[in-house]
Protein chains: 2
Amino acid sequence: MTSTDRPAGRPTRQRRAVAEVLESFDDFRSAQEIHGLLTARGQTVGLATVYRTLQRLADADEVDVLRTEEGEAVYRRCSPTHHHHLVCRTCGATVEVEGPAVERWTRAIADEHGYADLSHHLEIFGTCPACLSG
Amino acid sequence: MTSTDRPAGRPTRQRRAVAEVLESFDDFRSAQEIHGLLTARGQTVGLATVYRTLQRLADADEVDVLRTEEGEAVYRRCSPTHHHHLVCRTCGATVEVEGPAVERWTRAIADEHGYADLSHHLEIFGTCPACLSG
DNA sequence: GGCCCATTTGACAATGATTCTCATTACCGC
DNA sequence: GCGGTAATGAGAATCATTGTCAAATGGGCC
């Protein structure tokens with residue numbers, strides 16, 4: 001629980017490049033798109049490495065991962081606090097939302113059934129105001 | 001909006017078979033598993049047809065679809081009541097849970113941001129009592 | 001600075017779910 | 001029963017993702 005318990009790994013050029021690209025957008029992008037962005041920047045990073053790096057970052061909770069309705073994984077750097085997403089089904093606009101109530105509720109439900117070592121995913125899909133009026 | 005506006009399609013042996021198998025379980029199953037169940041029953045239905053049929057049913061809102069953490073699509077006949085799942089990460093045991101609190105919360109959050117036409121997915125993952133002690 | 005060695009990378013093969021293709025077959029209305 | 005259309009099946013094709021393994025690289029130590 002100290003600040004020294006990071007499995008970390010080496011700070012390589014490739015990892016830095018991925019981290020930088022993640023700073024360059026605010027919405028969710030697929031691994032392939034991120035790889036494309038890197039290439040466009042002149043940063044040569046193998047696709048497999050992009051996948052590995054994103055996975056590592058996701059494990060470390062440094063990026064959010066979610067699945068599009070087609071099942072493709074999309075990534076975005078995340079804010080330090082745990083939160084959920086309200087996603088526009090039409091244009092993809094995303095709002096981060098927090099829900100202490102939900103956190104409490106999931107814990108209570110899981111306890112009730114004896115489940116431990118919890119995680120949860122909550123995503124809300126809808127149509128955003130812009131798409132509604134458009 | 002009448003009962004006659006179903007694009008329907010033909011009631012074939014295969015479609016009936018898929019519909020029947022969907023009645024035989026209460027949790028989510030992948031298209032491949034469903035195909036396996038059909039084969040086990042002696043019902044010969046092509047895999048592609050299973051996919052097509054499930055897709056059709058999903059479009060007609062006659063089955064629920066969700067994605068596992070690995071991105072695989074899983075299907076289940078719609079139960080009349082909306083609920084969520086508490087899934088064992090190790091053995092896959094699933095408990096259906098209801099959460100009026102969550103429903104209310106998601107609606108409130110969405111309203112707050114002006115999103116309409118909502119749906120949401122909440123899944124809780126953990127380790128079940130059996131796997132904890134095993 | 002240079003060496004040692006585990007970690008990381010990259011190119012490419014492999015996997016696995018899903019979709020497409022297209023010739024064949026099965027429903028439906030007549 | 002017949003004809004025509006929609007549905008099916010077998011397998012190829014697609015596409016994201018993961019595995020493989022030899023080559024390259026970064027860090028720590030002298």
Side-chain angles (χ1 to χ4, degrees), chain A residues 4-22 27-60 62-76 92 121, chain B residues 4-22 27-60 62-76 89 92:
Chain A
T4 60
D5 64 345
R6 332 169 52 187
R10 288 180 188 160
T12 66
R13 170 179 69 74
Q14 291 84 343
R15 291 184 187 171
R16 244 175 279 119
V18 171
E20 270 174 37
V21 173
L22 283 169
D27 47 345
F28 285 89
R29 301 294 176 88
S30 71
Q32 313 259 353
E33 284 177 310
I34 290 169
H35 177 251
L37 289 173
L38 282 165
T39 305
R41 283 183 161 214
Q43 301 272 17
T44 308
V45 180
L47 182 55
T49 300
V50 173
Y51 273 102
R52 281 186 292 239
T53 303
L54 289 171
Q55 219 155 43
R56 168 187 311 269
L57 291 172
D59 287 347
E62 292 178 24
V63 298
D64 284 333
V65 191
L66 63 82
R67 296 265 172 190
T68 65
E69 300 215 327
E70 296 84 48
E72 191 180 18
V74 286
Y75 306 82
R76 192 186 60 162
H121 300 313
Chain B
T4 60
D5 63 344
R6 335 168 52 187
R10 290 178 187 164
T12 65
R13 169 180 69 75
Q14 290 85 342
R15 290 185 187 173
R16 245 175 278 119
V18 171
E20 270 174 38
V21 172
L22 283 168
D27 47 345
F28 285 89
R29 301 295 176 87
S30 70
Q32 314 258 354
E33 284 176 309
I34 290 169
H35 177 250
L37 289 173
L38 283 164
T39 304
R41 284 184 161 213
Q43 301 272 18
T44 308
V45 180
L47 183 55
T49 301
V50 172
Y51 274 102
R52 279 186 293 239
T53 304
L54 288 171
Q55 218 156 42
R56 169 187 310 270
L57 290 173
D59 287 346
E62 291 178 24
V63 298
D64 284 332
V65 191
L66 65 81
R67 297 266 172 188
T68 65
E69 297 206 326
E70 298 82 48
E72 191 181 17
V74 286
Y75 306 82
R76 192 188 60 165
R89 190 181 283 123

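These numbers were taken from a predicted model, which means no experiment stands behind them. Just so it is clear, the values below take in all heavy atoms, side chains as well, and ignore hydrogens, waters and symmetry mates. Labels below follow one simple rule: chain letters A, B, ... track the order of the sequence lines, proteins then strands, and each chain is numbered from 1.
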The residue among B:R56, B:H35, B:Q32 that forms side-chain hydrogen bond (donor to acceptor under 3.5 Å, both in side chains) with B:Y51 is B:Q32
Report the distance from atom OH of B:Y51 to atom P of D:dC15, rounded to the nearest whole Å.
-> 16 Å
How would you list, by chain and number, every residue that makes a salt bridge (charged side-chain N to carboxylate O under 4.0 Å, His left out) with A:E20, sequence neighbours excluded?
-> A:R41
Rounded interatomic separation in angstrom, taking CZ from B:R29 and C1' from C:dT18 = 20 Å
Contacting residues from residues 35-47 of chain A, given that a heavy atom lies under 4.0 angstrom of DNA chain C = A:T44, A:V45, A:G46
When rounded to the nearest 0.5 angstrom, what distance separates CZ in B:R16 from OG1 in B:T12?
-> 7.0 Å
Nearest-angstrom distance from the residue atom CD of B:E33 to C1' of C:dA17 | 13 Å
Given D:dA16, D:dT8, C:dA17, the nucleotide with the shortest approach to the side chain of B:E72 | C:dA17
Sorted by chain and residue number, the salt bridge (charged side-chain N to carboxylate O under 4.0 Å, His left out) partners of A:D27 (sequence neighbours excluded) come out as A:R29
Mind checking the CD-OG spacing from B:E70 to B:S30? Nearest 0.5 Å is all I need.
-> 11.0 Å
For A:R13, answer base if it contacts any base atom (sugar-phosphate contacts may also be present), sugar-phosphate if it contacts only those atoms, and nothing otherwise; contact means non-hydrogen atoms under 4.0 Å.
-> sugar-phosphate
A:A73 side chain: which of C:dT18, C:dC27, D:dT17 is closest?
-> D:dT17
Just how far is it from atom CG of B:L37 to atom CD of B:Q43, taken to the nearest 0.5 Å?
-> 11.5 Å
Smallest separation among heavy atoms of B:A58 and B:V65, with atom names | CB-CG2, 3.5 Å
Can you give me the N/O atom pairs linking the protein to nucleotides 4-7 of chain C at distances under 3.5 Å, or say none if there are none?
unit_1: C:dA6; atom_1: N3; unit_2: A:R10; atom_2: NH2; d: 3.1
unit_1: C:dT7; atom_1: O4'; unit_2: A:R10; atom_2: NH2; d: 3.3
unit_1: C:dT7; atom_1: O2; unit_2: A:R10; atom_2: NH1; d: 3.1

Would you indicate, yes or no, if D:dT25 has its OP1 or OP2 atom less than 4.0 angstrom from a side-chain nitrogen or oxygen of A:T12?
-> no
Whole angstrom value for the distance that separates C1' of D:dA16 from CD1 of A:I34 | 14 Å
Residue B:Q32, side-chain atoms from C-beta onward, closest of D:dT8, D:dA16, C:dT18 = C:dT18
Return yes if the base of C:dG10 and the side-chain atoms of A:R52 contain a donor-acceptor N/O pair under 3.5 Å, otherwise no.
-> yes
Could you check how far CZ of A:R16 sits from P of D:dT25, rounded to whole Å?
-> 14 Å
Name all residues meeting the side chain to side chain contact (heavy atoms under 4.5 Å, CB included) criterion together with B:T49; count only those two or more places apart in sequence or in a different chain, and write none if there are none.
-> B:Q14, B:V45, B:R52, B:T53
Ignoring the backbone of A:P11, work out which of C:dC28, D:dG27, C:dT8 is nearest its side chain.
-> D:dG27
Mapping B:G71 and A:Q14 onto DNA chain C by nearest heavy atom, which one lands closer to the 5' end?
-> A:Q14
For A:Q55, answer base if it contacts any base atom (sugar-phosphate contacts may also be present), sugar-phosphate if it contacts only those atoms, and nothing otherwise; contact means non-hydrogen atoms under 4.0 Å.
-> sugar-phosphate
Atom-pair distance (CZ on B:R67; C1' on D:dT17), nearest Å = 14 Å
Which atom of B:L47 lies closest to which atom of B:A31, heavy atoms considered = CD1-O, 4.5 Å
Would a 4.5 Å heavy-atom cut-off, applied to side chains only, mark A:R67 and A:F28 as touching?
-> no
First locate atom CG of B:L38, then atom CD of B:E33, and finally report the distance between them rounded to the nearest 0.5 Å.
-> 12.0 Å
Mind grabbing the angle between the end helix axes of the helix from C:dG1-D:dC30 to C:dC30-D:dG1? Five pairs an end, 10° rounding.
-> 40°
Just one of B:L57, B:V18, B:L54 clears the side-chain contact (heavy atoms from CB on, under 4.5 Å) bar with B:Y75, so which one?
-> B:L54
